Amino acid sequence: MTARDLVRYEYSTDWRNVIYDGLIKIKTKDMKLIPLHPNAVQKQLVEMIWGYEQSGKPVRIMIPKARQHGISTITEAIIYAKTAFQSNI
């Protein structure tokens, strides 16, 4: 098993670590590329989704449009984290 395979395996078992370890980069309003560090609202959404998945329930969350909380950003990060390190997705 290569080092790359080990990293992929580590992150495939818990997609939250891809986000919390700063592997996902975002562009700031002034076009700088920085690691995503989830805020409190984003962390709450990540943990809510993880909880539903771990309990075997389908994830169905309705979020009223809240501006400047980063919901769109964290949603895109979750989708990336769940697909980039998984095989056969």
Side-chain angles (χ1 to χ4, degrees):
M1 187 176 269
T2 67
R4 184 182 212 177
D5 292 334
L6 288 172
V7 169
R8 184 173 292 258
Y9 176 75
E10 176 186 343
Y11 288 116
S12 70
T13 57
D14 187 347
W15 56 263
R16 296 174 303 167
N17 292 332
V18 176
I19 296 169
Y20 292 147
D21 289 352
L23 296 180
I24 296 179
K25 308 286 188 219
I26 59 172
K27 264 188 196 170
T28 63
K29 291 180 182 178
D30 58 352
M31 303 305 286
K32 292 182 182 175
L33 200 60
I34 63 168
L36 171 65
H37 296 292
N39 63 34
V41 174
Q42 292 170 328
K43 287 178 184 176
Q44 185 177 3
L45 181 61
V46 166
E47 295 306 321
M48 185 182 299
I49 292 170
W50 180 257
Y52 279 124
E53 289 178 348
Q54 295 306 299
S55 66
K57 296 178 182 175
V59 179
R60 304 285 188 264
I61 302 170
M62 290 178 46
I63 303 168
K65 186 60 184 168
R67 305 266 181 219
Q68 303 300 314
H69 288 290
I71 297 300
S72 297
T73 302
I74 198 66
T75 302
E76 292 172 23
I78 291 168
I79 292 168
Y80 176 78
K82 290 177 62 116
T83 58
F85 293 92
Q86 300 290 326
S87 59
N88 297 325
I89 290 188

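Note that this is a predicted model, so its numbers are computed, not measured.
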- For Gln54, does the CD atom have more than 12 heavy-atom neighbours from other residues, nucleotides or ligands under 6.0 Å away? yes
- Query: About how many Å separate CG of Asp21 and NE2 of His37, when rounded to the nearest 0.5 Å?
  - Reply: 10.5 Å
Could you go through residues 70-79 and list every donor-acceptor pair under 3.5 Å that involves a side-chain atom there, pairing it with any protein atom two or more places apart or in another chain?
residue, atom, partner, partner atom, Å
Thr75, OG1, Ile71, O, 2.7

- Measuring from Tyr52:OH to Ile61:CD1, what's the distance to the nearest 0.5 Å? 5.5 Å
- Item | Asn39 to His69 - nearest heavy-atom pair and separation | ND2-O, 3.1 Å
- Message: Using a 3.5 Å distance criterion without hydrogens, assess whether the side chain of Asp14 forms a donor-acceptor pair with backbone atoms of Arg16.
- Response: yes
- Message: Does Tyr20 have more than 12 heavy atoms from other residues, nucleotides or ligands lying within 6.0 Å of its OH?
- Response: yes
- Indicate the atoms forming the closest heavy-atom contact of Pro35 with Gly22, along with that distance. CB-O, 3.7 Å
- Would one find more than 12 heavy atoms of other residues, nucleotides or ligands at under 6.0 Å from atom CD of Gln44? no
- Item | Check: Tyr80 and Leu36 side chains under 4.5 Å, non-hydrogen atoms | no
- Task: Report the distance from atom CD1 of Ile19 to atom CD of Gln42, rounding to the nearest 0.5 Å.
- Result: 9.0 Å
